[in-house]
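These figures come from a predicted structure and were not determined experimentally. A note on names: the letters A, B, ... follow the listed sequences, proteins ahead of strands, and every chain is numbered from 1.
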Amino acid sequence: MNPETTALTTEKGSSLWRDAWIKLCKNRLALGGLGLLVALCIVSLLTPWIAPYGYEQQDLLLGATPPSIQHWLGTDVFGRDMLTRIMWGGRVSLTVGFIATAVALVIGVAWGAIAGYMGGRVDMLMMRLVDILYALPFMIFIILLMVVFGRSMLLLFFAIGAVEWLTMARIVRGQVMSLRKQEFIEAAHSLGLPQSTIIRRHIIPNTLGPVIVYTTLTIPSVMLLEAFLSFLGLGIQPPQSSWGLLINYGVETMEEYPWLLIFPGIALSLTLFALNFLGDGLRDALDPRTAKDS
Amino acid sequence: MVRFVLGRILQAVPVLLIVVSITFILVHSAPGGPFSADKAVPAEVLEALEAQYNLDQPLWQQYLSYLGDVLRGDLGPSFKYPGRSVNELIASGLPTTAELGFYAMLVAVVIGVIAGVIASMRPNTLQDYVPMSVAMIGICMPSFLLGPLLVLIFGIHLEWLPVSGWNQIPGDKILPAITLGTGYAAYIARLSRGGMLEVLSQDYIRTARAKGLSEFIIIGKHALRGGLIPVVAFLGPAFAGLLGGSFVVETIFQIPGLGRFYVQAAFNRDYTMILGTTVFFAALIIFFNLLSDILAIWLNPKLRQQVRGDAE
């Protein structure tokens, strides 16, 4: 499909989204991912009320037990209910995933939109900076940040968000560059709209498709990064918990109590699965250029 | 081509300078000096220590002298291992990490390319879905989960392979290499499938088919070269990821490599070690990104022409 036809479909705003929705509904894997994700979010939101046991509730006499009717996913060495701990951990993991992605989204979209819209020297300078930042070993920088400034969750959001916005900026810039020359933008100019309004009202809404797709694919990589750091002991700190941290604990006792490793692992992997499938499905639905086997 | 490579090397210089500067500033703005953490040290000892590591000089002077040292390739002494330099620590860990990375990359490229090519030969059939689903599992199964699970299955239950160590028992390199390589194998499988699909639909492949060439020659000789360009471009970033992954894998399997040193240094707040290793990692990553860019251009005639056009 060439750019002109894309632009034509974009003009009939609602039908593009309905088209995409119909395409997405046909993709069972993506829909399953979406369903799982919605369920996870609801469970995470309701955790304080629906968790079967208290978060810190210990039962030292019970100790570690395999899954049973009282404790569906077993208990850890302190007799704490694993289902409860995984639910609370999921709250943290998902929060990090969403907030850090939101940070990346805001910076990336603003940066890319301004660079792409202004063009010329401003664009060159802004994208040069992105190029330079791309070359920096960011994983190492995040570790460095966590070591130097203590391991706070706020810093974690910020550090991860600061890494992930680069690709977003590139995608939005490319999109904006092609939009900029189109007639409706020219029309907005001739109406005398200020540039900030044009960027906010006309340019950014038209870049939504790729942005949504990339956002969906950023969340799993952010969650993975958080789990990675928590696993090393450099991310979320006790008494707070996350899936990465639970996996870390699980590894220590996996010979005797393998379920302490396996269940948090399943929770993390399933969530990543769901997000990746949803992202792939959205890409097929929203981006005609990368449609399969075109 | 030569000009392009030179230009890219020149571009790497400011990036490295930025890395050194940011790292230096970060490390030196850390709350609490490197010797304040553990136990109360007498004031005169502290002063002597600070003088020994030049910490009593103003910051800009420390920065300039550090920059000079880095230029000469001297990354300074370690705070926590008295009498050992960061250079020595890197030199003792690097060979192990390099070997681990090499095997992991081997696993990633061989399995990934084979799976991707197989999948691309019959798109949207079982031959495509099975390897791609496995690849998806590989992507969603991070190394810090896969490693312990492999240890649990092959090390503890089946007792086929050793569960830790490096170069001590035959076979102890297998699990770490697989753990580190699997995620990248999955990415490479997806990339090579995509690249191959694009190439296989082009005219010159149809020509080759019309000539009656065997499928083996069409894929091996004509399609692979173009189809693997995305994979080659991915190798640079993958290398950076492998370094990060080695932190986890070396910790899980207790491998005495650079990654474990780095994590330990992070926990011990061994600032010179963190500073030195970060600079070293950054230089490595920049070097490998450069290498993968050059390789991608060498493989892609279109890009090659562009580069030539720019140079003239």
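- In this structure, chain B has no heavy atom under 4.5 Å from any part of Leu275(A).
- Rounding to the nearest 0.5 Å gives a distance of 12.5 Å between CH2 of Trp243(A) and CG of Leu145(B).
- Taking the six-membered ring where the residue is Trp, Phe144(B) and Phe228(A) present tilted rings, their angle falling between 30° and 60°.
- Both the backbone and the side chain of Phe273(A) come within less than 4.5 Å of a heavy atom of chain B.
- In this structure, the separation between CG on Leu152(B) and CE on Met254(A) is 5.5 Å, given to the nearest 0.5 Å.
- Atom CZ of Arg190(B) is surrounded by 12 or fewer heavy atoms from other residues, nucleotides or ligands within 6.0 Å.
- Within the structure, the side-chain hydrogen bond (donor to acceptor under 3.5 Å, both in side chains) test picks out the following pairs touching residues 13-25 of chain B (sequence neighbours left out): Ser21(B)-Tyr63(B).
- Interface remark: of the candidates Leu261(A), Leu29(A), Leu270(A), Leu261(A) forms the most heavy-atom pairs closer than 4.5 Å to chain B.
- The salt bridge (Lys or Arg N to Asp or Glu O under 4.0 Å) search around Arg170(A) returns Asp131(A), not counting sequence neighbours.
- For Asn248(A), no part lies near chain B; criterion is any non-hydrogen pair under 4.5 Å.
- For residues 118-131 of chain B, the pairs satisfying salt bridge (Lys or Arg N to Asp or Glu O under 4.0 Å) are Asp128(B)-Arg193(B), with sequence neighbours left out.
- Contacts between Phe247(B) and chain A at a heavy-atom distance below 4.5 Å involve backbone atoms as well as side-chain atoms.
- Using a 4.5 Å cut-off between heavy atoms, Ile137(B) contacts chain A through both its backbone and its side chain.
- Rounded to the nearest 0.5 angstrom, Asp280(A) CG and Met132(B) CE are separated by 11.5 Å.
- Within 6.0 Å of CD on Glu198(B) lie no more than 12 heavy atoms contributed by other residues, nucleotides or ligands.
- Put simply, of Pro220(A), Pro258(A), Gly250(A), Ala227(A), the one with the most heavy-atom pairs under 4.5 Å next to chain B is Ala227(A).
- Rounding to the nearest 0.5 Å gives a distance of 7.5 Å between CG of Leu129(A) and CD1 of Ile18(B).
- Ranking Val248(B), Leu243(B), Leu16(B), Val263(B) against chain A, the residue ahead of the rest is Val248(B), based on heavy-atom pairs under 4.5 Å.
- Within the 4.5 angstrom heavy-atom criterion, only side-chain atoms of Ile262(A), from C-beta onward, approach chain B.
- Residues of residues 87-98 of chain A lying under 4.5 angstrom from chain B, judged on non-hydrogen atoms, do not exist here.
- Looking at Leu224(A), both its backbone and its side chain come within 4.5 Å of chain B, counting heavy atoms on both sides.
- To the nearest 0.5 Å, atom OG of residue Ser269(A) and atom CG of residue Leu149(B) are 8.0 Å apart.
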